[in-house]
There are 2 protein chains.
Amino acid sequence: MVTLSEENYLKAIYHLGKQGKEAVSTNAIAEHIESKASSVTDMIKKLATKNLANYIKYQGVSLTEEGRLAAALVIRKHRLWEVFLVNKLNFSWDEVHDIAEQLEHVKSLQLVNKLDAFLEYPTHDPHGDPIPDKDGNYSPIKSINILEIDTGKEGTLSFVKDSSDVFLRYLNKNNLALGDTIKVLDFEPFDNSLTIETTTKKMIISKEVAQNLYLSV
Amino acid sequence: MVTLSEENYLKAIYHLGKQGKEAVSTNAIAEHIESKASSVTDMIKKLATKNLANYIKYQGVSLTEEGRLAAALVIRKHRLWEVFLVNKLNFSWDEVHDIAEQLEHVKSLQLVNKLDAFLEYPTHDPHGDPIPDKDGNYSPIKSINILEIDTGKEGTLSFVKDSSDVFLRYLNKNNLALGDTIKVLDFEPFDNSLTIETTTKKMIISKEVAQNLYLSV
DNA sequence: AGTAATTTTTAGTCTTGTCTAAAAATATTT
DNA sequence: AAATATTTTTAGACAAGACTAAAAATTACT
């Protein structure tokens with residue numbers, strides 16, 4: 001049995017080293033989960049004895065295949081619950097993190113999979129992060145919301161979810177095309193709209209449009 | 001902050017003494033939550049210092065108004081989640097208890113209330129137990145599933161949810177009327193039908209019919 | 001390479017919630 | 001009402017997870 005606390009460490013290791021494959025430092029983990037280095041050492045020893053992590057003293061930790069899968073499952077649950085909270089319960093996407101942080105620890109594979117079906121197999125959460133499948137795999141493409149506001153991060157428009165005529169006409173009219181480089185400048189909480197910047201201009205896009213733009217970063 | 005463990009004790013006290021008003025014994029609680037009497041003593045002392053319980057040594061515990069409300073909230077959450085699992089995720093009503101036992105501890109008043117709205121303000125969970133409202137109150141009437149099979153418990157038919165012509169004709173045809181005494185003899189998991197017994201006869205009713213019959217016990 | 005700075009680990013302590021075994025209080029029986 | 005049985009509480013121990021302070025290892029610097 002993987003405890004709540006163990007799950008949080010697995011998540012941290014997963015996020016800090018590319019999906020847990022790279023070794024991450026004790027200090028990085030401590031900072032990420034807001035604890036102390038000594039606590040981290042204790043826990044990673046425990047994860048190692050449980051075959052969830054590879055650990056060599058003073059050399060950092062990485063996840064075993066088993067650990068990677070366990071971490072991906074927690075992330076899958078987190079993101080599915082976020083979709084539920086936003087799409088079904090009408091939360092706004094900036095309110096759901098703390099609740100999903102609790103829901104992600106509920107244990108029942110049947111529950112995850114039924115929730116997945118109920119939500120009609122979403123591929124991305126409301127923040128634009130991709131949702132791992134049952135085997136822990138996911139596409140590296142993220143929806144536009146993922147670009148944090150005003151950090152200067154940019155992405156390349158590489159996929160549109162809705163390929164209806166009316167949406168493609170919208171893109172045409174606004175001079176947006178696959179391959180364009182996009183940066184997010186501002187987020188308006190009132191209607192969830194975004195101000196974005198391409199190489200040629202600045203514009204405001206609605207929540208509906210944002211949800212259909214996918215970028216590689 | 002009320003911890004997970006504290007919530008479980010509050011629930012137990014609430015269930016064992018009529019909504020926590022009557023004093024319940026240490027042993028009864030220990031048995032109910034499958035722990036030891038000494039652990040219970042420790043915890044009820046803690047609940048008392050937190051003003052959630054009234055405790056006099058060797059005299060049992062009851063809940064304070066604050067404790068009663070906290071317990072009712074946990075039960076409200078448990079039963080709402082059960083409705084969600086059965087009505088939205090298509091679980092059968094005998095599979096949902098353990099999952100709801102975890103979900104009931106998720107903290108967010110906003111979540112409970114949005115879930116309540118999403119489920120269209122259900123009054124009873126899939127087992128027939130009434131769902132407390134925001135103030136911890138609920139009707140003492142239970143839907144028929146609550147009568148445990150073959151325990152000899154009986155109730156009086158006192159309310160029908162669906163009052164359409166077609167349902168009332170069904171009741172007429174089958175000689176079921178308000179005031180009738182009803183006992184549940186068997187449950188068929190395949191289609192969730194029940195075998196019931198009135199003072200005059202024995203019959204099988206479908207899940208749909210059962211969901212509309214409410215009894216006072 | 002040798003010293004200084006940083007990172008990581010160890011050792012020992014604390015809190016929460018649980019347990020066993022023994023002591024104290026209450027209930028029951030005759 | 002005394003003796004016995006049962007229930008409840010206390011005392012002390014333990015596991016999980018976190019912390020502080022000190023020791024050990026690694027990395028960085030000159």
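For clarity, every value in this text was computed on a predicted model and none was experimentally measured. Labels below follow one simple rule: chain letters A, B, ... track the order of the sequence lines, proteins then strands, and each chain is numbered from 1.
Within the 4.0 Å cut-off from OP1 or OP2 of D/dT6, not a single side-chain nitrogen or oxygen of B/Asn27 is found. Using a 4.0 Å cut-off, some side-chain N or O of A/Tyr55 falls inside it from OP1 or OP2 of C/dT9. Residue B/Ser38 places none of its side-chain N or O atoms closer than 4.0 Å to OP1 or OP2 of C/dT20. Considering only side-chain N and O atoms, A/Lys46 lies nowhere under 4.0 angstrom from the phosphate OP1 or OP2 of D/dA16. A close approach under 4.0 Å does occur between a side-chain nitrogen or oxygen of B/Thr3 and OP1 or OP2 of C/dG17. Between B/Lys57 and D/dT8, a side-chain N or O to OP1/OP2 separation shorter than 4.0 Å is absent. B/Lys45 has no side-chain polar atom (N or O) that falls below the 4.0 Å cut-off from OP1 or OP2 of D/dT9. Contact between the side-chain N/O atoms of B/Tyr9 and the OP1/OP2 oxygens of C/dT18 is found at a separation under 4.0 Å. Residue A/Ser39 places at least one side-chain N or O under 4.0 Å from the OP1 or OP2 atom of D/dC19.
If you check every strand for non-hydrogen atoms under 4.0 Å, A/Thr41 touches a base. Using a 4.0 Å heavy-atom cutoff across all strands shown, A/Ser5 reaches sugar-phosphate atoms only and no base atom.
Under 4.0 Å is where a charged nitrogen must lie from a carboxylate oxygen, and between B/Lys107 and B/Glu7 at least one such pair does. Between B/Asp116 and B/Arg76, at least one side-chain N (NZ, or NE/NH1/NH2) sits under 4.0 Å from a carboxylate O, which counts as a salt bridge.
Atom-to-atom, CD of B/Gln59 to P of D/dT7 comes out at 16 Å; the value is rounded to the nearest Å. Taking atom CD of residue A/Glu6 and atom P of nucleotide D/dA15, one finds them 16 Å apart after rounding to whole Å. Nucleotide D/dG17 holds its P atom 14 Å from the CD1 atom of A/Ile44, rounded to whole Å. To the nearest angstrom, C1' of C/dT9 lies 9 Å from CG of A/Asp42. Whole-Å rounding puts the B/Leu47 CG to C/dT16 C1' distance at 13 Å. The CD1-P distance, from B/Ile56 to C/dA25, rounds to 16 Å in whole Å. In this structure, A/Lys36 places its NZ atom 10 Å from P of D/dA21, rounding to the nearest Å. D/dA16 atom C1' lies 15 Å from atom CD of A/Glu7, rounded to whole Å.
A/Ile13 contributes atom CD1, which lies 5.5 Å from atom CG of A/Leu47 (distance to the nearest 0.5 angstrom). We find the CG-OH distance between B/Asn113 and B/Tyr121 to be 8.5 Å, quoted to the nearest 0.5 Å.
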Start with the C-alpha distance between B/Arg79 and B/His127, add both sets of side-chain angles, then the distance that settles side-chain contact (heavy atoms from CB on, under 4.5 Å), and finish with yes or no. CA-CA 9 Å; B/Arg79 294 185 179 163; B/His127 301 105; over 6 Å; no
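The nucleotide whose nearest atom lies closest to any side-chain atom of B/Tyr58 is, among D/dC19, C/dT9, C/dA25, C/dA25. Closest contact between the side chain of B/Met43 and the listed nucleotides C/dG17, C/dT9, D/dT8 involves C/dG17.
Two residues, A/Leu4 and B/Thr26, neighbour DNA chain D, and the one matched to the more 5' nucleotide by heavy-atom proximity is B/Thr26.
At least one cation-pi condition fails for A/Lys88 and B/Phe84: the charged atom is not both under 6.0 angstrom from the six-membered ring centre and inside a 45 degree cone around its axis.
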